[in-house]
Each structure stands twice: as C-alpha cells, then as structure tokens.
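Inspection log for the structure reproduced underneath, given as structure tokens.
Here, residue 1 is the first one in the sequence, and each next residue gets the next number. Just so you know, these numbers come straight off a predicted model, no measurement behind them. Basis for what follows: all heavy atoms, side chains included, without hydrogens, waters or symmetry-related copies.
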Amino acid sequence: MPTTIVLEPDHRKRFWYRYSRRSGWSTSKILIALNLILFAWMVIRGLIAGRGLGIILSPDIDLLLYVGAQNWARVLEYGEWWRCLSYAFTHGGLLHLAFNMVALYQVGMLLEKEAGHATLLCIYVCSAVTATLAGYIWHPEAYVVGASGSLFGLIGFAVVFYRRLADPHSLAKSKFMLQWAMFAFLFGFAVQADNAGHLGGAIGGALLGVALPPRLLLRSPSPLALRAAAWLCAIVTAAALGMLVWFWIKLETGG
C-alpha cells in the first residue's frame, strides 16, 4: 500500500516557495507547442489539398491519419508503432484542440511546478500509451486523436499525489481533481468521446502516482532515475514524431 506523508508548516512553506519560483523552460509549454504545430500543419496541408476551411473545425479521417491519428489496424498491419504516441499530439478540430490545451496548461503547469518537469513528461507519455492500450481492448478498430488520454493521466496522477501529501490544502486539490475527472468522464459519454482512452490514461497516471513516492518528487534536482526515465520518454516521443515526418516524406515522394 502507498504511504502518505504530512508536510510540516515550515516544510510546506519551503515547498511552495521553491516550486512557485521555478523559472526556465517548461515541459507543459513544449507539449502545448507541439500540439499547436501539428494542428497548424494539418490545417495548412488540408488547405493545400483543397479541402476547404471546414477542416479547421472538422478534419476528415484521411487528414487525421496523415497527421498521426491512432488506428490499431495500421499499427499491427503496417508497423506504424509511432501512432501510439503521435495521436496524443493530433486533434480533431479547433474546439477539440482548445479544450485540451486549456486543460493541459491548467493541470500541467500546476503539476510541473509541484512535482517537476521530469515527472510531467513521464506522465504525459506513459498515460498516452496506457490510454491507447485501453482503446485496443475496447475498440481496436477505432480512429483516435487527442491529448485527453494524457490529460486524464495527469488528473489521475494528481488525485493520488495530492492525497499522499495528506495536508488539508493538498487533500482539497485531490478532491477537486477527482470531481473534475468524474465530470469530464460523464461529459465524454454525452459527446461520444473516447472514454476507454480516458479511463486507460487515468489508470496509467494513478499508477504512477502510487509508484512515485512524494518525497522523491519534492527533491530538487529530481532523482537521477526519474530524470533518466524522462529522457527516455523524450527520446521515444521524438522518435515517434520523427517517424511521422518520415511518413509524410514517403507520401510526398511516393516511397
């Protein structure tokens, strides 16, 4: 069973001061930038192909596949493993993108300040994988796009992480995150979103919250093992996006 820790008042003061004063590069902003760049390229590519301005709000399946949508048939039959990550940077329209990026900024920046850059990247990438694995179990034939699996992973992690800190302020955050996840899950049923992916992402994030002791995440700098895991996630993500670019090149050259 996971243990909880209680931060003493002076420890909490140092904790909040240290992480609220962090500056420099931001994992959350880099992830948001990658999502925006991929969406912008999707729109540009669609306009070049003569698909019209409607793609901004509702791109077609072919265009979504072009920019990295997940489909397990393509992963298994054509070896396009990179779709298991590229889909988490691809969105099915401007509203879809805006909703997810606002959520990523709000939750991501909060967790990044309190649990660190490395932790945030590991959660985003690992939750994207657990989300698509859940999708494979539930609807292997579906076409899936969006960062929401990773976002549910961040929320699932936050629920566990704040509960393990055990001080009243953190417990209130844990409760709020749980309520947010429940509302988003119910909203997913209303709009026929990929709730299998949402659940898979949330489970992946929660498991990381159980596996990573809060005292490790409060250290500055982060432990070497956590930084190594983050670098591995970064390399795998870069490889997946690089394979997506190679996929574009092959399409353009007929390779």
Side-chain angles (χ1 to χ4, degrees), residues 25-72 74-75 80-109 111-112 120-121 123-129 131-132 135 142-155 184 187-188 191-198 200-201 233-234 236-252:
W25 65 276
S26 164
T27 301
S28 301
K29 292 179 180 178
I30 291 173
L31 292 171
I32 290 171
L34 289 172
N35 279 276
L36 294 177
I37 290 170
L38 209 54
F39 184 80
W41 173 239
M42 180 184 73
V43 172
I44 292 170
R45 188 67 181 81
L47 292 175
I48 292 173
R51 283 179 161 89
L53 291 174
I55 60 171
I56 296 176
L57 295 177
S58 184
D60 57 65
I61 290 295
D62 288 339
L63 191 55
L64 291 174
L65 278 173
Y66 176 81
V67 289
Q70 166 66 317
N71 177 254
W72 275 103
R74 296 192 67 98
V75 172
E80 295 175 353
W81 64 268
W82 40 270
R83 292 188 182 276
C84 294
L85 281 179
S86 64
Y87 85 96
F89 298 90
T90 306
H91 287 82
L94 184 61
L95 294 179
H96 188 204
L97 174 74
F99 182 84
N100 280 350
M101 292 306 98
V102 169
L104 176 55
Y105 183 82
Q106 291 176 334
V107 181
M109 292 297 289
L111 281 179
E112 187 170 359
L120 183 77
L121 182 58
I123 299 168
Y124 191 94
V125 173
C126 293
S127 297
V129 174
T132 194
Y143 295 88
V144 179
V145 294
S148 55
S150 292
L151 293 175
F152 269 81
L154 295 178
I155 294 172
F187 182 73
V191 299
Q192 296 184 327
D194 180 22
N195 269 336
H198 294 168
C233 287
V236 173
T237 302
L241 295 179
M243 291 297 293
L244 175 60
V245 173
W246 180 242
F247 174 71
W248 296 340
I249 293 172
K250 289 194 298 182
L251 285 179
E252 297 299 330

Interatomic distance, [X] atom [atom1] to [Y] atom [atom2] [nearest 0.5 angstrom]:
| X | Y | atom1 | atom2 | result |
| --- | --- | --- | --- | --- |
| Phe247 | Arg74 | CZ | CZ | 5.0 Å |
| Leu251 | Trp246 | CG | CH2 | 11.5 Å |
| Ser26 | Leu120 | OG | CG | 7.5 Å |
| Leu47 | Leu63 | CG | CG | 9.5 Å |
| Leu244 | Leu85 | CG | CG | 11.5 Å |
| Leu65 | Gln70 | CG | CD | 10.0 Å |

Between [X] (side chain only) and [Y] (backbone N and O only), is there a donor and an acceptor less than 3.5 Å apart?
| X | Y | answer |
| --- | --- | --- |
| Tyr87 | Ala128 | yes |
| Asn71 | Ala142 | yes |
| Tyr124 | Gly108 | no |
| Trp82 | Gly68 | no |

Would Leu241 and Phe89 count as a side chain to side chain contact (heavy atoms under 4.5 Å, CB included) if you check the C-alpha gap in whole Å, the side-chain angles of each, and the deciding distance to 0.1 Å? CA-CA 9 Å; Leu241 295 179; Phe89 298 90; 4.3 Å; yes

Taking every non-hydrogen atom, the tightest pair across [X] and [Y]:
| X | Y | answer |
| --- | --- | --- |
| Ala131 | Gly197 | CB-O, 3.2 Å |
| Trp41 | Trp248 | CD1-CH2, 3.3 Å |
| Gly149 | His198 | N-CD2, 4.4 Å |
| Ile55 | Pro59 | O-CD, 3.2 Å |

Scan the side chains in residues 90-103 for donor-acceptor partners under 3.5 Å anywhere in the protein, sequence neighbours excluded, and list what turns up.
from  : atom 1 : to     : atom 2 : distance (Å)
Thr90 : OG1    : Val67  : O      : 2.7
Thr90 : OG1    : Ser86  : O      : 3.1
His91 : NE2    : Asn100 : ND2    : 3.1
His91 : NE2    : Ala147 : N      : 3.3
His96 : ND1    : Gly92  : N      : 3.0
His96 : NE2    : Asn100 : ND2    : 3.4

Are [X] and [Y] close enough that some pair of their side-chain heavy atoms sits under 4.5 Å apart?
| X | Y | value |
| --- | --- | --- |
| Asp194 | Ser148 | no |
| Ile32 | Asn35 | no |
| Val75 | Thr132 | no |

Check Leu111, Ile123, Leu121 against Thr27 for a side chain to side chain contact (heavy atoms under 4.5 Å, CB included) and give me the one that passes.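 Only one option passes, and that is Leu121.
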
Going by salt bridge (Lys or Arg N to Asp or Glu O under 4.0 Å), name the residues that satisfy it together with Asp60, two or more places apart in sequence or in a different chain. Arg51

Evaluate the criterion side chain to side chain contact (heavy atoms under 4.5 Å, CB included) for residue pair Val43 and Leu53; output intermediate values, then yes/no. CA-CA 8 Å; Val43 172; Leu53 291 174; over 6 Å; no

For Glu112, is there an ion pair with Lys29 - N to carboxylate O distance below 4.0 angstrom? no

Trace of the side chain to side chain contact (heavy atoms under 4.5 Å, CB included) decision for Leu64 with Met42: CA-CA 8 Å; Leu64 291 174; Met42 180 184 73; 3.8 Å; yes

